[in-house]
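These notes concern the structure reproduced below.
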Amino acid sequence: MDRKLHFSMDLKDYRNKRGHCWAFCCHHLLFPAFAMPFYAEREGLSEQMGVDVDDIFAVSAKILFFVPVLRELVLTLGGRIASLAVVEKLKVFGLVPGGVHEMISQQPGVDRIFLRTGFLRMALRKKLDLVPCYMFDECSAYKPLKVPDWVTAVQLWLNRTFGVGICLWKGRWGVPFNLIPNKGRYVHGFGRILKFDEVRGMSEDEAVQFWLEKFVEEEKRLFLELQKVEKRRLDVTLEITILKTRFQRSGGGKKHS
């Protein structure tokens, strides 16, 4: 499995004293945010960005910390629970906004991003700059198993009701539930920074809406940039859905394509 990092800006432009929230989109079964401390050390990103590698963490859903073995793996990789109380103590962290919803919704021919506003509020309250990131071809690492519509409905209900994600996939050689990913070139793209200074003075709701629109624009731009640079996956389209939060009425979200 070949991995590559792509940056839309010069590395020195990511340097700041405030800290960053790296938000990775288009997620499947691989752990992109958890790989950041490794990348920071192997690629020298921590030194170039002015960040101590020991200060880089990944935040994830609480449910991962209740599953034996997986919990130990997440903690070993620098995982922390995605809550404001925990995030307030972190300077640099990565997360996957789409989470489980994104994992169980990927299909060939279209990259699907699902966004809620919680990650924006966490970054705003911590006064961090936000870095939109894109995992190019990450959703091709595993292929979804073909299942009846009712099975997919149950998966989404479990995710919506209990925050539990049950993924049904095929790994390399077409073997169901094989953790070995398909061969491919997986690129982690880092987009242009959304600076906290742009929303300074706004109310939190105004800042969230402003950043959400900018984030969607940047994900679209970064997706097209990666298609151009990599010269592949040119027939793949991008679909972005804004999910309603638990405090809003249940139902579908707003789609951008």
Side-chain angles (χ1 to χ4, degrees), residues 1-4 23-36 38-39 58-77 79 82 94-116 133-189 219 223 226-227 230 232-233 235-241 243 252-253 255:
M1 183 173 65
D2 182 21
R3 284 187 176 273
K4 174 187 173 183
F24 294 89
C25 291
C26 207
H27 175 44
H28 204 259
L29 287 173
L30 300 180
F31 287 174
F34 295 108
M36 288 317 301
F38 170 73
Y39 283 140
V59 297
S60 61
K62 186 183 297 185
I63 188 66
L64 294 183
F65 295 87
F66 290 95
V67 181
V69 180
L70 183 57
R71 174 182 60 238
E72 281 66 36
L73 174 62
V74 169
L75 289 171
T76 300
L77 292 172
L95 50 77
V96 180
V100 172
H101 208 106
E102 225 164 64
M103 291 172 64
I104 63 180
S105 301
Q106 299 298 346
Q107 294 293 333
V110 56
D111 283 5
R112 292 191 171 102
I113 292 176
F114 294 87
L115 298 174
R116 290 187 176 91
C133 305
Y134 196 88
M135 298 178 287
F136 192 71
D137 213 13
E138 193 88 2
C139 60
S140 300
Y142 302 92
K143 303 295 183 183
L145 282 176
K146 292 184 178 180
V147 296
D149 291 342
W150 69 266
V151 174
T152 302
V154 170
Q155 288 176 290
L156 293 173
W157 178 80
L158 287 171
N159 175 40
R160 185 171 60 250
T161 307
F162 301 106
V164 175
I166 298 179
C167 295
L168 305 173
W169 77 90
K170 295 183 293 185
R172 193 177 299 184
W173 310 297
V175 179
F177 309 114
N178 177 13
L179 290 175
I180 301 176
N182 294 303
K183 290 183 178 179
R185 180 181 175 86
Y186 306 111
V187 182
H188 287 179
E219 286 295 330
F223 173 74
L226 287 167
Q227 281 186 319
E230 289 292 307
R232 59 191 177 91
R233 303 189 77 226
D235 59 334
V236 176
T237 59
L238 174 64
E239 180 181 284
I240 301 176
T241 300
L243 297 173
K255 289 188 178 180

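Across every non-hydrogen atom of I240 and E219, the tightest pair is CD1-CB, 4.2 Å. Summarising the geometry of L115 relative to P97, their closest heavy-atom pair is CD2-CB, 3.9 Å, with the distance given to 0.1 Å. Here the closest heavy-atom approach between residue C25 and residue I113 is recorded as CB-CD1, 3.6 Å. Closest heavy-atom contact between G171 and N182: O-OD1, 3.5 Å.
Residues passing the side chain to side chain contact (heavy atoms under 4.5 Å, CB included) test with T152, sequence neighbours excluded: V147, Q155, L156. Evaluation of the side-chain hydrogen bond (donor to acceptor under 3.5 Å, both in side chains) rule for Q227 yields no partner, not counting sequence neighbours. Looking at residues two or more places apart in sequence or on another chain, you find a ring pair (Phe, Tyr, Trp, His ring centres under 6.0 Å) between Y134 and F223. P148 meets the side chain to side chain contact (heavy atoms under 4.5 Å, CB included) test with W150, V151; sequence neighbours excluded.
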* Would you check, one step at a time, whether the test side-chain contact (heavy atoms from CB on, under 4.5 Å) holds for C26 with L238? => CA-CA 9 Å; C26 207; L238 174 64; 5.7 Å; no
* Check against side-chain contact (heavy atoms from CB on, under 4.5 Å), T237 and E239 -> CA-CA 7 Å; T237 59; E239 180 181 284; 6.0 Å; no
* Which is it for F177 and L145 under the side-chain contact (heavy atoms from CB on, under 4.5 Å) test, yes or no, and what are the steps along the way? -> CA-CA 9 Å; F177 309 114; L145 282 176; 3.9 Å; yes
* D137 and R232: side-chain contact (heavy atoms from CB on, under 4.5 Å), yes or no, with the steps? -> CA-CA 10 Å; D137 213 13; R232 59 191 177 91; 3.1 Å; yes
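A distance of 9.5 Å separates OH in Y142 from CZ in R172, rounded to the nearest 0.5 Å.
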